[in-house]
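First comes the structure, then the notes that go with it.
Remember, it's a predicted structure, so these values are computed and weren't measured experimentally. Proteins get letters first, then strands, A, B, ... in listed order; numbering begins at 1 in each.
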Number of protein chains: 2
Amino acid sequence: MHKEHTLTKNQQIIFDIIDKSPEPLKAYSILFNVQKKGIKAPLQVYRALDKLVEIGKIHKIESRNAFIACQNSSCQVAKATAFSICEMCEKVTEISSTGLSKYLTNFKDKEGMKYSKYNLEFFGLCKKCRT
Amino acid sequence: MHKEHTLTKNQQIIFDIIDKSPEPLKAYSILFNVQKKGIKAPLQVYRALDKLVEIGKIHKIESRNAFIACQNSSCQVAKATAFSICEMCEKVTEISSTGLSKYLTNFKDKEGMKYSKYNLEFFGLCKKCRT
DNA sequence: CTTATAAATGTTATATTATTACATAGTGTT
DNA sequence: AACACTATGTAATAATATAACATTTATAAG
Ligand SMILES: [Zn+2]
Ligand SMILES: [Zn+2]
Ligand SMILES: [Zn+2]
Ligand SMILES: [Zn+2]
């Protein structure tokens, strides 16, 4: 069981936009979209994004500087994320594979070190773009 | 056998700086360091970085917007990279594990899709910072 | 060697992404 | 009420990256 976070006003506004979007959103694109709702400055967006990432409601796609809602019922494992990214249409899908996450959390480097936190981004062509 | 790339003047200058650095370097820090060598503009740095990444001599650490020399005898697998990153001292190590790379290149997502290109970043504390 | 072509360079300006600094307001606890 | 804590508002600026265009250099045919 994980703690329920009640989102604040700004956090909720920004989460809703990201959650409704079929594509990852960039911070300034979010800013543009929420200006009618009274959020005027980049910092207000970045603060909400930081918090949403921290509590696992959204994830940052590092290679794209963009944000996507967690597709995994608000990741218990906010800090162990995996995505597939289409290099043609930029579609991003969160991968939820217990096999993969087990493999990675159990992976030991040459010094025997394990890591519970990781981010993995796969690149390729999505089903639609392959045909 | 993979093709030998003869680096151009700018590419060589920038590769040398990255290769000598014990830490990943950021683009503008590189720029600052090569201004005495006649490279004056960000674009000159970014163009060299792009090429060096493309041919696998360096890799970009996406979560840090920084660049590191390939520690793996110029990655045959420039497009399948894995790193461990210390969240305390920011030390970055390239992971070369055939087990890991085999697992990831053979990984199939829910639609049976495989990916030959990926980037994995593990986060934790390095040996030094754990003690 | 000349011409054609592609790759790399130089330069200026600008776009995009993210943070610092400081003031104010709300929320919950004692 | 007093306190601590979190969130918000606002302005300015820092850090990261690309666009556009002119010029030069390397490579390869003919
Ligand atoms: Zn998730
Ligand atoms: Zn696609
Ligand atoms: Zn490498
Ligand atoms: Zn460390």
**OP:** Output yes when at least one side-chain N/O atom of A:Lys60 is less than 4.0 Å from OP1 or OP2 of C:dA18, else no.
**Re:** yes
Whole-Å distance separating the [atom1] atom of [X] from the [atom2] atom of [N]:
X: A:Glu62; N: C:dT17; atom1: CD; atom2: P; value: 13 Å
X: B:Leu31; N: C:dT11; atom1: CG; atom2: C1'; value: 13 Å
X: B:Lys51; N: C:dA8; atom1: NZ; atom2: C1'; value: 9 Å
X: B:Gln12; N: C:dA8; atom1: CD; atom2: P; value: 14 Å
X: B:Ile55; N: C:dA7; atom1: CD1; atom2: P; value: 14 Å
X: B:Glu54; N: C:dA8; atom1: CD; atom2: C1'; value: 13 Å
X: B:Asn10; N: C:dA7; atom1: CG; atom2: P; value: 17 Å
X: B:Arg64; N: C:dA18; atom1: CZ; atom2: P; value: 13 Å

**OP:** Output the distance between atom OH (A:Tyr46) and atom CG (A:Leu31), rounded to the nearest 0.5 Å.
**Re:** 9.0 Å
Subject >> Spacing of OH belonging to B:Tyr115 relative to CG belonging to A:Leu120, to within rounding of 0.5 Å >> reply: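 Atom-to-atom, B:Tyr115:OH and A:Leu120:CG are 10.5 Å apart.
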**OP:** Considering only NZ, NE, NH1 and NH2 on the basic side and carboxylate oxygens on the acidic side, decide whether B:Glu87 and A:Lys117 come within less than 4.0 Å.
**Re:** yes
Subject >> Salt bridge present between B:Glu23 and B:Lys91 (N-O < 4.0 angstrom) >> reply: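 Looking at B:Lys91 together with B:Glu23, the answer is no, because their closest N to O distance does not fall below 4.0 Å.
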Subject >> Heavy-atom side-chain proximity of A:Phe123 to A:Ser63 below 4.5 angstrom >> reply: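 Side-chain contact under 4.5 Å: yes.
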Subject >> Interface residues of residues 39-46 of chain A with DNA chain D (non-hydrogen, below 4.0 angstrom) >> reply: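 Here the set is A:Lys40, A:Ala41, A:Leu43, A:Gln44.
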**OP:** Using chain B heavy atoms and a threshold of under 4.0 Å, write down where along DNA chain D the contacts begin and end, 5' to 3'.
**Re:** D:dT16 to D:dA20
Subject >> N/O donor-acceptor pair under 3.5 Å between A:Glu54 side chain and A:Lys51 backbone >> reply: no
Original post:
Ring of A:Tyr28 versus six-membered ring of C:dT17: centres under 5.5 Å and planes under 30°?
Top reply: yes
Original post:
How about A:Lys110 and B:Ser96: does a side-chain donor come under 3.5 Å of a side-chain acceptor?
Top reply: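 Indeed, the side chains of A:Lys110 and B:Ser96 share at least one donor-acceptor pair under 3.5 Å.
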Original post:
Is there a side-chain contact (heavy atoms from CB on, under 4.5 Å) between B:Leu100 and A:Tyr103 once you walk through the steps?
Top reply: CA-CA 9 Å; B:Leu100 179 63; A:Tyr103 183 88; 3.6 Å; yes
**OP:** Could you check whether the rings of A:Phe122 and B:Phe107 sit parallel, tilted or perpendicular, using 30° and 60° as the cut-offs?
**Re:**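 Aromatic pair A:Phe122/B:Phe107 classed parallel.
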